[in-house]
Amino acid sequence: MGQANSNGQDDEEMDVATLQEMYKKFVMECPSGVLFLHEFKKFFGIDPTGEASEYAESMFRAFDKNGDDTIDFLEYVAALNLVFRGNLEHKLRWSFKVYDKDGNGYVDRNELREIIDSICRLKRSCRRDSDCELLKTDEICERIFQVVDLNGDGQITLEEFLDGAQKDEWVMKMLQLDMNPYSWVLAQRRKSAHF
């Protein structure tokens, strides 16, 4: 934090008071000091078997940097910083982690389909995206693979993901469905406000 990012703009340094306030809120929500997947879902009011469940699990895995199946305060702050202030490449790298469910370094057709399907179901329920209403999940995935999988091996590497997303406006729009979960997080929080 506080270092110049790759697009030449300086990130604003988070002040100590902001970090202290974030920590207080985190500890109130997570007295153990870590957030488990079931708590993460509960925090956002997500039905464990509902449409948003798979998407929430993918987000959770992307936030869990050390792979210990929990989100600690440092991972929480890093995720918020990325989501709210990261540059395009950093957000795309995070997005790739969401798609790469098994963490093997590439996205295959099944991984892409699972995430696109989850996102489109969410979009359809909110009636927010005409592409998800007009196209089937398999059609969206096929088009993404045609543009992004440059060597045609049925796997999308991080480099292909970054290049493809930045070269094609439609692909970028489809990948942005989960690139910045801010509006999704707010909507889930509003749904769970009645708790």
Sub-4.5 Å side-chain heavy-atom contact between Lys97 and Met59: no

Side chain proximity check, Ile144 to Trp170, heavy atoms < 4.5 angstrom: yes

Rounded distance [0.5 Å steps], CG in Leu112 versus NZ in Lys101: 11.5 Å

Main-chain N/O of Thr157 paired with Glu160 side-chain donor or acceptor, under 3.5 Å: yes

Side chain to side chain contact (heavy atoms under 4.5 Å, CB included) between Cys30 and Phe73, intermediate numbers included: CA-CA 9 Å; Cys30 313; Phe73 181 68; over 6 Å; no

Close side-chain approach of Leu150 to Glu159, heavy-atom, < 4.5 Å: no

Interatomic spacing from CG in Leu162 to CZ in Arg93 - rounded to 0.5 Å: 5.5 Å

Chi angles and distances behind the side chain to side chain contact (heavy atoms under 4.5 Å, CB included) call for Leu35, Thr70: CA-CA 5 Å; Leu35 186 61; Thr70 64; over 6 Å; no

Minimum side-chain heavy-atom gap Ile140-Lys136 below 4.5 Å: no

Exam field: side chain Glu75 to backbone Asn66, donor-acceptor pair closer than 3.5 Å: yes

Atom of Gly33, atom of Phe26 and distance for their closest heavy-atom approach: O-CE2, 3.3 Å

Whether Asp100 side chain and Val107 backbone form a donor-acceptor pair below 3.5 Å: no

From CA spacing to verdict: side chain to side chain contact (heavy atoms under 4.5 Å, CB included), Met172, Leu92: CA-CA 9 Å; Met172 175 63 82; Leu92 284 171; 4.1 Å; yes

Joint hydrophobic cluster, Leu37 plus Val34, side-chain heavy atoms closer than 4.5 Å: no

Heavy-atom side-chain contact between Ile71 and Glu39 under 4.5 Å: no

Donor-acceptor under 3.5 Å (Asp149 side chain, Ile156 main chain): no

Test item: Glu111 side-chain N/O and Asp102 main-chain N/O as donor-acceptor pair under 3.5 Å: yes

Distance-only side-chain donor-acceptor flag, Asn104 / Tyr106, under 3.5 Å: yes

Salt bridge flag under 4.0 Å for residues Glu139 and Arg143: no

pair Arg61-Val98: side-chain heavy atoms closer than 4.5 Å: no

Phe60 and its ring pair (Phe, Tyr, Trp, His ring centres under 6.0 Å) partner, picked from Tyr76, Phe40, Phe36: Phe40

Minimum side-chain heavy-atom gap Tyr99-Ile116 below 4.5 Å: yes

Donor-acceptor contact below 3.5 Å, side chain Asp64 vs main chain Asp68: yes

Salt bridge present between Glu142 and Arg109 (N-O < 4.0 angstrom): yes

pair Phe161-Val171: side-chain heavy atoms closer than 4.5 Å: no

